[in-house]
Structure formats: C-alpha cells, structure tokens
2 protein chains.
Amino acid sequence: MEILIVEDEIKIANTLKKSLIKEGHFPTIAINAEVALELINEAQFDIILLDWRLPKLSGMEFCKQLRRNGNKTPIILLTALTDVSNKIEALEAGADDYITKPFSFEEVKARINAVLRRYRANQNAIQIGDMIINLVDRTVESEKDIIKLSDREFELLKYFLYNKGSIINKEKICKDVWGIEFNPFTNVIEVTIKNLRKKLEQNSKHIFIKTIYGEGYLFIAE
Amino acid sequence: MEILIVEDEIKIANTLKKSLIKEGHFPTIAINAEVALELINEAQFDIILLDWRLPKLSGMEFCKQLRRNGNKTPIILLTALTDVSNKIEALEAGADDYITKPFSFEEVKARINAVLRRYRANQNAIQIGDMIINLVDRTVESEKDIIKLSDREFELLKYFLYNKGSIINKEKICKDVWGIEFNPFTNVIEVTIKNLRKKLEQNSKHIFIKTIYGEGYLFIAE
DNA sequence: TACAATTATGAAAAATTTTTCATTATTGTT
DNA sequence: AACAATAATGAAAAATTTTTCATAATTGTA
C-alpha cells in the first residue's frame, strides 16, 4: 500500500518509513507541503500521514487545501497538541483521524487500518433509494435489514444500477450479466429478476424493477 | 447518476440537461469554470461534460487544473474543433474522451457509457504482482488466463490483499472472512486456503500465501 | 530419533445456487 | 371476447460451492 508521510523531522519520518516497509507497505516521505503536493499529483497514495507542524504551510492548512481541491485520500494528522479543540479543528480541516505524539507504531497501524476500513466502506457504498449497496463487499442494507443476495442476483442488481433510468432488453441483460448469447428457450432471466424483485420489494419502498412489456426492464429508484 | 454540464451556451446546456433527465440522470449546469469549481467542491459528480470554449478559463485549462488538483472524475470535453491535434491536446489535458460538435444525444449517451465503463474498470482494478484484480466485478486476471474464484475464495483473497504484509492468524481469518468464531474442530480455513493457493500458483509466479507455522498466514506479492 | 502439534490434501457429503419446467397471469392485438 | 405473445411463478432438477472427513505431510520440541 502506498503511504505518503509528510513530516519535516527526518528522524520521525524515517522511523515510520522503516516500520511501514516492514509491514509490507510502500511509504514515501515529503519534508514539506510543496514536495507533498508534487508527489500527490504524480502518484496515487492510499493514505497520507500528515504532520501538523510543517514549515510555511501547516499540516492543517495543507489538509484543507487538498480537500478544497477535491482530493479525497484518507488523511491522518500527526499532532503534539492534545487540546480537544485541536481534534475538532483537525476533523473540520478534513482529516479522517489524528494521532497524538508521541505515538507507538502499533497505534499508527491500528489507526491506519481503522481509517482505511471506514474509507473503503464509504468509497464503495452507494445510497440507492432507501438502501445502501456496497459494490465491493456485495452487501445490501435497507433500514430494516441486511438483504442476502446470491452472486447472480447481485450481478443483476449491479447491472441495473449501472443502467438506472434505461430500459434494458432481455438480450442485452443475458449478454452483459450471463455473458452468453440469448436463448429464447429459457426463462432464467425472468426467474432471476423475479427472485431479485421479491427480495428488494420485501425490504424497500423506493426501488423497483419495472417491466416494459415487449421491450425490457427499467430500474427505478426514488 | 450526477452529471455536471459545464457549458456557457444555455440552449445547448438545457437541451443536454433535459435529455439526461429523461434518461434518469441528475444533471447540473455550470455556465463557467468558476461556478463549476464551486459545485465540484460541494457535491460528488459521476462525470463531467466540459465545453472547450468557456469564458475566461477555457475548458481545457480548467480540465488541467482539476487534474493537477488530484480530481479524477471522468471528463468528456465538448469541442467544435476537429483537428487531430486538438484531440491529443484534450487527452493530454486529462480528459477521458471528447465529443465533436454538433453531436447527437445518442453519441453523448454512448460516450458517457464507454467512459464510465472504462473508468469503473480502472477504478476498481488493482495490480498485484503479475495479476489484475477487480474488486467490484470480482475478476482475477493473470497474463495467462482469467482465474475463476468462488465467492468464498474471492473474499479470502480480498482479505489477504487488505492485509498484505501482515501475518494473520486463523482465528482472525475465521472472524473476518467467515464472520463466525473460530471452531478448532474444523479445518475449513486450511482447505479454503489450499484451494485458493492452488489457483493462484497455477497462474502467477509472484503471489504467495506463506504459512508461518503456529502463527498464521502471510500474503506476499512481488 | 521419536513424538506431538500443526497444516495440507483428495474425496465425498452437505448446503446452496442456478437453471429448468410446467403452469398461471398479464398485456396487447384482432 | 378470443387469442397470441410475453412475463411471472412455485417447485424441482441440476450444478456448483462449501464444509466435513480421514489421512498424509511438515514442522517443532524433547
């Protein structure tokens, strides 16, 4: 995993770097915000460890700037300050978490894991109607329940999501979801849609698969 | 789907908007780059349709600026220019595609779909060792072949990916992948790891699940 | 070297998913 | 209203996945 360490104290930066390499990660050091920004524009980082105190542009200001520019990489601020208002300030600047110095590497590891777990969950979770669908974990949650979909049902749901608002005919569904040419002698598509519909309707009032007679299906989420 | 239309010609913008709404999308209009940037910082767009000719800051310059600031939203440039060098210029500015005016809505639709398909594939595909793993489509490709994993096997692989470089013991694997407490009377974990290993080893020279005797498993990708 | 602990393995049982099937229901056309 | 075309449905068959099982192999300890 690519980790950017923005820290002007070389000793701290190198210690972190070594420990992260030991963990199988790929850390990169930037000694100030300027260097960091260049690196961010060149490479894709999975997470940023950002010291609060940096020369010129503070870590917090830099954090704000990144967020203002639409950068959503998870950020953990490293701070010596322990005042509660600093925590609020850090989170308001757009940081996902903060670690107070001095810190153990175990804590850094734990925070990185926690922030990434949350980030990945948010990244891949989308709200559709009154449900939350995670495209990586393949979970579907309504207000009532967690809906258990089989693989094929989930593939079909994902397909409808990607084609929301469009009428899709059976031939296209067969090709794109089953990966085979349409066979008019089988009704497996109708059956699978029926099964998916049933599960969605039992758990949602705002999501429908509407049949357009003779044309196909239209996925609607209100 | 949230679509940002950056177009100063109101007629064109409104025509596009209406057609996109008809398709079930959620378009928003910005009449210049400044307005667009504000909207981009406030909301999350799935794709941006960006006119080349904008007052003050051209679409291309705006595109460059977005990319420079780490914004990776798919962008389609709308241009009246047909010179081949403009196409190259557009792509070099960081656009994902371009559409030449005048255009039909069918073409806009087709381009949006193509760009999103490619974007989603790239977004969710990661290279690990000599394989490409798509976490949404759940496909695993090596240079030789497409590896067919069952659900459980894929969940286990994903888990190892997220914990690359860490030794994970069986109790933790059981809890995090199977979602149940470890039962010492079963060897289902060993069997599933064996099955996954076999498939990985048949297709990759650079990915291993190493056994640390008495401790757990370590996922290695070179 | 012998033994214990842990892990790996091939085969089969059990569970689940996917598809097929026959029938019913709905929609459109004449 | 009658009929044809299309879609939906419950049940069961077929296919696949997941787990169990008994045994073998590997690793660590005494």
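What you see below is based on every heavy atom in this structure, not just the backbone, and it leaves out hydrogens, waters and symmetry mates. Naming convention: chains lettered A, B, ... in sequence-line order (proteins, then strands); numbering from 1 in each chain.
- Under 4.0 angstrom from either OP1 or OP2 of D/dT19 there lies no side-chain N or O belonging to B/T186.
- Considering only residues two or more places apart in sequence or on other chains, B/F219 meets the ring-ring contact (aromatic ring centres under 6.0 Å, His included) condition with B/F160.
- Not counting sequence neighbours, the partners of B/E171 by the side-chain contact (heavy atoms from CB on, under 4.5 Å) test are B/N169, B/F182.
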5' to 3', nucleotides 6-18 of chain C under a 4.0 Å protein heavy-atom cut-off (B base, S sugar-phosphate only, - none) gives SSBBB------SS
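- B/R67 meets the side chain to side chain donor-acceptor pair (under 3.5 Å) test with B/D96; sequence neighbours excluded.
- Residues that satisfy the side chain to side chain donor-acceptor pair (under 3.5 Å) test with A/S150, not counting sequence neighbours, are A/E153.
- Scanning for side chain to side chain donor-acceptor pair (under 3.5 Å) contacts around A/K170 gives A/E190, with sequence neighbours left out.
- Distance, B/E155 CD to D/dT19 P: 12 Å, rounded to whole Å.
- One interatomic measurement links the two molecules: NZ of B/K210 to C1' of D/dT27, which rounds to 13 Å at whole-angstrom precision.
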